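Please read these numbers as outputs of a predicted model, since none were measured by experiment. The chains referred to below are lettered A, B, ... by the order of the sequence lines, with proteins before strands, and numbering in each begins at 1.
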Amino acid sequence: MNGAPAPPLLTAGRDREVPPRSAQEQTPPTDQVSDLSVETVIEWFAHRGRDLPWRHEDTSAWAVLVSEVMLQQTPVSRVLPRWTEWMRQWPTPADLADAPTSEVLRCWDRLGYPRRALRLQECARTIVREHGGTVPRGLDALRALPGIGEYTAAAVTAFAHHDRAVVVDTNIRRVLARSVEGVALPARSYSAAERALATRSLPAERERSVAWNQAVMELGALVCTARSPRCAQCPLAENGCAWVADGSPAAPVDTRRRQTFEGTDRQMRGQIMAALRRDGEVPTKDLLALDPEDRPRVERCMMSLVADGLAARTEEGLRLP
DNA sequence: AAATCGGGGTC
DNA sequence: GACCCAGATTT
């Protein structure tokens, strides 16, 4: 555990400003979150942190895992009602394992990336089959579960099992990029240098590490936000934030452009899934009407949904699996 | 390393 | 209209 050799400490993101260091420098880098900052952020969280249901003491490890999967690329506000209904219907892994997949996909509703719902059910089945129905401990065992990657395995370890783990999500990346590196935004892709920074910023003591993970993530979600950070309310602003100390320099303009959603297969798949959730079964002719101009696109998306296990073929068209 | 995978709120 | 959101998986 944590046995991986530390990546080169001086590698920085492509678009990072890094103070020049000589190549033969021997001393370990000091750029990390100070003990005082850790205390300050944990204290801030105690007063300003949100009261989210999956943070309650009596919430099961499984319920925490479900929340983490739902929160992958999905804002808290949209997860809240879906998580509540989901946990009411399927409180344990065994409950979800036995549920009809069509109902699972309907309850997932419009959370997006519905393959997450399929993987969550597969995850439940694996937990029942291989772990006696209880969420396993340990990063390796968690990572082996469907739909559980590096982040979610660490989050479940920290927030469900209350063990020490290096949690790095988009919020934590941003807080560390600003407060330690002094840059407005982290690079688009997650680097080994960032993992190393998060690792050396994590308090050694178990209980404090859990509190830090929770608190710094919340700070990124509520204060150190991507668009217009509320530095006036930030406990780090006058307490060592490198970005504020630097005069809050703007992020370099990003010339790359993201794929527009309109007209993509993703949008079409979403429309087909919406129709299936509503009617259960939909004739092909009705699906083709979703884009009369581009029949190949509709057929391609129907094929991919079947291949993903999100839909099944009927004589007429598609139905929920 | 890059592409793909939803959907909606927000600026 | 572009960006963002407690990422994972595949190529």
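Between the side chain of A/Arg266 and the base of B/dG6 there is at least one donor-acceptor pair of N/O atoms closer than 3.5 Å.
Of the N and O atoms on the side chains of A/Thr74 and A/Arg116, at least one donor lies less than 3.5 Å from an acceptor on the other residue. A/Ser37 and A/Ser34 share a side-chain donor-acceptor pair at under 3.5 Å. A side-chain donor from one of A/Tyr151 and A/Glu68 sits under 3.5 Å from a side-chain acceptor of the other. Side-chain contact annotation: A/Glu316 with A/Thr284, donor-acceptor N/O pair under 3.5 Å absent. Side-chain contact of A/Arg119 with A/Tyr113: a donor-acceptor pair under 3.5 Å is absent, judged by distance alone. Counting only N and O atoms by type, the side chains of A/Thr157 and A/Asp163 include no donor and acceptor under 3.5 Å apart. No hydrogens or angles considered: a donor-acceptor pair under 3.5 Å links the side chains of A/Gln89 and A/Glu85.
The number of heavy-atom neighbours closer than 6.0 Å to CZ of A/Arg55, taken from other residues, nucleotides and ligands shown, is above 12.
With contacts defined as side-chain heavy-atom distances shorter than 4.5 Å, the pair A/Met273/A/Trp108 does not qualify.
For the pair A/Gln72 CD and C/dG7 C1', the interatomic distance rounds to 5 Å; values are reported in whole Å. One atom, CG of A/Leu310, and another, P of B/dG6, lie 7 Å apart when rounded to the nearest Å. Rounded to a whole Å, the CE atom of A/Met70 is 16 Å from the C1' atom of C/dA8. In this structure, A/Arg173 atom CZ and C/dC5 atom C1' are separated by 13 Å, rounded to whole Å. For the pair A/Phe159 CZ and C/dA6 P, the computed distance is 12 Å after rounding to whole Å. Rounded to whole angstrom, the span from the CG atom of A/Leu120 across to the P atom of C/dA8 amounts to 13 Å. The interatomic distance linking A/Arg195 (CZ) with C/dG7 (C1') rounds to 13 Å, in whole Å. In this entry the distance linking CG of A/Asp109 with C1' of B/dG8 reads 12 Å, nearest Å.
Annotation: C/dA6 and B/dC11 have their P atoms spaced 15 Å apart (nearest Å). Rounded to a whole angstrom, the distance from the P atom of C/dC3 to that of B/dA3 is 15 Å. Comparing C/dT11 with B/dG6, their P atoms sit 16 Å apart, to the nearest whole Å.
Distance from the side chain of A/Tyr113 is smallest for C/dG7 among the nucleotides C/dG7, C/dA6, B/dG7. Of all nucleotides listed (B/dG7, C/dG7, C/dA6), B/dG7 comes nearest to the side chain of A/Arg277. If you check B/dG6, C/dA6, B/dG8 against the side chain of A/Arg110, the one that comes closest is B/dG8.
Contacts of A/Thr152 with the nucleic acid, taken as non-hydrogen atoms under 4.0 Å apart, involve only primed sugar atoms and P, OP1 or OP2. Nucleic acid contact class of A/Gly112 (heavy atoms, under 4.0 Å, all strands): base. In this structure, A/Thr74 reaches the bases: a heavy-atom distance under 4.0 Å links it to at least one base atom across the strands shown. When heavy atoms are screened at a 4.0 angstrom cut-off, A/Trp54 is found touching base atoms of the nucleic acid. Contact annotation for A/Ile148: backbone-only contact, meaning every heavy-atom pair under 4.0 Å involves sugar-phosphate atoms and none involves a base. In this structure, A/Ala155 reaches neither bases nor backbone, as no heavy-atom distance under 4.0 Å exists between it and the strands shown. Across all strands shown, A/Leu65 has no heavy atoms under 4.0 Å from either base or sugar-phosphate atoms. Contacts of A/Arg143 with the nucleic acid, taken as non-hydrogen atoms under 4.0 Å apart, are absent.
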Output a table of nitrogen or oxygen pairs between the protein and nucleotides 9-11 of chain B separated by less than 3.5 Å.
unit_1: B/dC11; atom_1: O4'; unit_2: A/Arg227; atom_2: NH1; d: 3.4

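Residues A/Pro146 and A/Leu52 each lie close to DNA chain C; by heavy-atom proximity, the contact nearer the 5' end of the strand is made by A/Leu52. The residue among A/Leu145 and A/Leu71 whose nearest nucleotide of DNA chain C lies closer to the 5′ end is A/Leu71.
For C/dT9, neither phosphate oxygen OP1 nor OP2 lies less than 4.0 angstrom from any side-chain nitrogen or oxygen of A/Arg115. Put simply, A/Gln73 has a side-chain N or O that comes within less than 4.0 Å of OP1 or OP2 on C/dG7. Proximity of A/Arg119 to the phosphate of C/dG7: no side-chain N or O atom is located under 4.0 Å from OP1 or OP2.
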